[in-house]
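Note that this is a predicted model, so its numbers are computed, not measured.
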Amino acid sequence: MYTQALDSSGAEPGSPASAGEVERERRFQERIDRDEKIEPKDWMPQAYRQTLIRQIAQHAHSEIVGMLPEGNWITRAPTLRRKAVLIAKVQDEGGHGMYLYSAAETLGVSRGELIEQLLAGRAKYSSIFNYPTLTWADIGAIGWLVDGAAIMNQIPLCRCSYGPYARAMVRICKEESFHQRQGYEIMLTLARGTGAQREMAQDALNRWWWPSLMMFGPGDAESVHTAHSMRWKIKRFSNDELRQRFIDLTVPQAQFLDLAIPDPVLRWDEAAQHFITGPIDWSEFQTVLKGHGPCNRERLGARRAAHEAGRWVREAAAAYADKHRDRVGGAERHVQTV
Amino acid sequence: MSAAAGSATPASDEDHFRYVLRLADTSLVLGQRLSEWVGHAPALEEDLALGNIALDLIGEARLLLAHAGRIEGRGREEDQLAFLRDAPEFYNVALAEQPNGDFGATIVRQALLDAWQLELYHSLTASTDERLAEIAAKTLKECRYHWRFSCGWLVRLGDGTAESHARAQEALDALWRFTEELITPDALDVRMASCGIAPPLAVVRGRWETRIGAALGEATLLQPSSEHYPWHGKSGVHTEHLGHLLGEMQHLQRTYPGVTW
């Protein structure tokens with residue numbers, strides 16, 4: 001999964017305080033220009049650090065919140081194989097959250113601080129997860145479209161200038177690619193199924209198509225921070241470029257399923273060699289981003305509830321560790337096996 | 001067909017089927033319960049661990065249901081057995097179907113069952129049913145990891161804070177009565193033991209009591225006194241909770257009968 005609008009709220013490069021700073025920034029930029037990876041102990045401009053923390057945290061939060069809409073169908077998955085695959089997929093998302101929080105920690109911020117920001121409503125996560133999963137077909141559509149859009153966004157991040165982030169993304173992309181295929185396979189099964197299953201698949205495509213296109217963030221004309229992220233090689237392609245690639249790849253996949261893209265003016269432009277969509281309703285995007293989507297309250301509410309309900313458990317673990325700090329083995333001692 | 005050929009007292013296919021279903025349904029129902037935690041656990045690490053255990057249990061259930069279907073010989077496959085039976089036809093132990101409650105109740109339920117499955121599957125690796133013995137060998141490895149997790153948390157919660165101790169003790173007191181059926185043989189258990197498909201439950205009982213006794217001691221939790229509770233899930237007599245669990249789990253298969261998913 002992924003967060004849209006990577007460059008929104010990104011920190012601006014600050015004014016260098018001294019000639020020394022100017023020189024260090026120049027050398028830093030030269031390293032980036034030579035495609036060298038920046039590592040945690042290397043000097044980096046404060047704005048680069050803050051942009052990365054914000055972006056990686058948004059990405060991590062998206063993985064964690066993204067567990068909820070799909071988790072909504074684990075207990076109702078229609079076969080045991082589907083149930084097992086869905087549990088594994090949602091676990092992968094949790095694992096991605098863990099790598100990403102770890103990558104953010106290399107920049108000097110703790111997972112605890114980042115989670116507090118999320119729960120306090122001060123951090124963003126991908127708006128797509130504020131839409132509900134109403135039928136089983138939504139699990140297929142999320143894998144196909146949402147993970148498909150995520151891959152489009154994330155593959156360039158494997159070459160991101162910040163080493164720990166780039167390396168985390170390599171593993172994440174492999175797993176997302178598997179998720180995308182299993183989502184498409186669910187859609188294919190439904191599309192080849194009964195009339196009711198086809199209707200379910202079409203309804204899911206209708207509801208997820210436009211929010212998936214919005215995952216790439218505002219159009220380039222509105223995206224004011226792209227230039228800095230591009231210069232630092234945190235971002236390598238613009239929102240509109242990535243969105244267009246996704247559209248060009250996905251429309252034929254919908255055609256193969258014999259499902260209709262919910263866009264009456266969608267057309268193939270022979271000269272441009274692109275599918276051209278109708279206008280995206282950015283007012284809906286802004287509404288959801290501001291917290292007024294169908295499930296914003298539920299998603300954050302569920303994360304807060306889990307955090308609060310788990311407080312006594314975390315306190316118990318800490319108390320136990322304090323009591324038994326000097327003892328070897330502790331809770332492991334009676335974990336003998338046959 | 002029964003794989004008990006050559007043993008002194010051959011098992012009937014009906015008995016054999018019913019016994020394998022007990023094992024399968026216990027893993028399936030417990031896996032379904034644990035999967036409810038995904039996305040809602042006290043910390044990310046616990047979320048992943050509970051999901052992993054759920055995944056193992058559902059994997060075990062699939063192997064066992066497929067095996068049960070072959071023994072039955074009526075062509076029923078794993079999904080027909082999982083999604084198209086009603087509560088009285090499920091033979092899981094009732095402890096597995098108890099609601100998750102708080103993390104403490106989940107851990108107590110899990111530790112009681114993990115210790116039991118660990119001892120049971122250890123013995124089942126020597127089953128005269130060769131397929132069951134193979135499944136047991138695979139399952140045993142998973143049981144070791146499950147017990148490591150649940151026992152570790154049982155001790156941390158029991159010997160953590162006053163609040164965690166009280167919560168764990170309360171869960172233990174509430175769930176203890178459901179352990180009777182884990183270790184008390186009924187007629188089917190006896191017949192399965194006599195043909196070598198299953199171990200004598202007395203053997204499992206002794207090892208389970210030792211394991212749980214030691215863990216509760218380490219956790220500073222008091223073992224509740226035994227309470228006779230003869231309504232056994234393994235005979236198809238369940239608590240009210242199973243019907244709701246199945247209603248949710250079977251929703252799509254029941255609403256759209258006969259379709260491919």
For this session: Identify which part of B:Phe83 has an atom lying under 4.5 Å from any heavy atom of chain A, answering side chain, backbone, both or neither.
Result: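 The side chain, not the backbone.
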Exercise. Of the backbone (N, CA, C, O) and the side chain (C-beta and beyond), which part of B:Leu245 lies under 4.5 Å from a heavy atom of chain A, both, or neither?
Worked result: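 No part of B:Leu245 comes within 4.5 Å of chain A.
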So for [X], is it side chain, backbone, both, or neither that comes closer than 4.5 Å to the heavy atoms of chain B?
X	value
A:Ile64	side chain
A:Glu308	neither
A:Arg311	neither
A:Ala318	neither
A:Thr79	both
A:Arg82	side chain
A:Arg192	neither
A:Val90	side chain
A:Ala88	both
A:Leu190	side chain

Problem set entry | Residue, of A:Leu86, A:Thr75, A:Ile186, that accumulates the most heavy atom pairs under 4.5 Å with chain B |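 With the most close heavy-atom pairs to chain B, the winner is A:Thr75.
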Exercise. Chain B: which of A:Ile87, A:Leu80, A:Thr189, A:Ile74 shares the most heavy-atom pairs with it under 4.5 Å?
Worked result: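 The answer is A:Leu80.
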Exercise. Is there any residue in residues 32-49 of chain B with a non-hydrogen atom under 4.5 Å from a non-hydrogen atom of chain A, and which ones are they?
Worked result: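 Within residues 32-49 of chain B, the residues that come under 4.5 Å of chain A (heavy atoms only) are B:Gln32, B:Ser35, B:Glu36, B:Val38, B:Gly39, B:His40, B:Ala41, B:Pro42, B:Leu44, B:Glu45, B:Asp47, B:Leu48.
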For this session: Could you please state which residues from residues 253-261 of chain B sit under 4.5 angstrom from chain A, measuring non-hydrogen atom to non-hydrogen atom, sorted by number, or 'none'?
Result: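 So far as heavy atoms go, B:Gln253, B:Tyr256, B:Val259, B:Thr260, B:Trp261 are the residues that approach chain A to under 4.5 Å.
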For this session: Go through B:Arg167, B:Glu78, B:Gln250, B:Glu163 and name the one with the most non-hydrogen pairs under 4.5 angstrom from chain A.
Result: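 The option with the most such pairs is B:Arg167.
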For this session: Tell me, out of B:Ile58, B:Leu55, B:Ile107, who's got the most heavy-atom pairs with chain A below 4.5 Å.
Result: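 Option with the top pair count is B:Leu55.
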Problem set entry | B:Lys141, NZ atom: more than 12 neighbouring heavy atoms under 6.0 Å |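 No, NZ of B:Lys141 has 12 or fewer neighbouring heavy atoms, counting only those of other groups under 6.0 Å.
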Exercise. Does NZ or CZ of B:Arg211 fall inside the cone over B:Trp208's six-membered ring, less than 6.0 Å from its centre and within 45° of the axis?
Worked result: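 So B:Arg211 doesn't make the cation-pi contact.
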Exercise. Do B:Thr239 and B:Glu97 have side-chain atoms, one donor and one acceptor, less than 3.5 Å apart?
Worked result: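 Side chains of B:Thr239 and B:Glu97: pair found under 3.5 Å.
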For this session: Decide whether B:Glu60 and B:Ser27 meet the rule of one side-chain donor and one side-chain acceptor closer than 3.5 Å.
Result: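 Side-chain D/A pair, B:Glu60 to B:Ser27: present.
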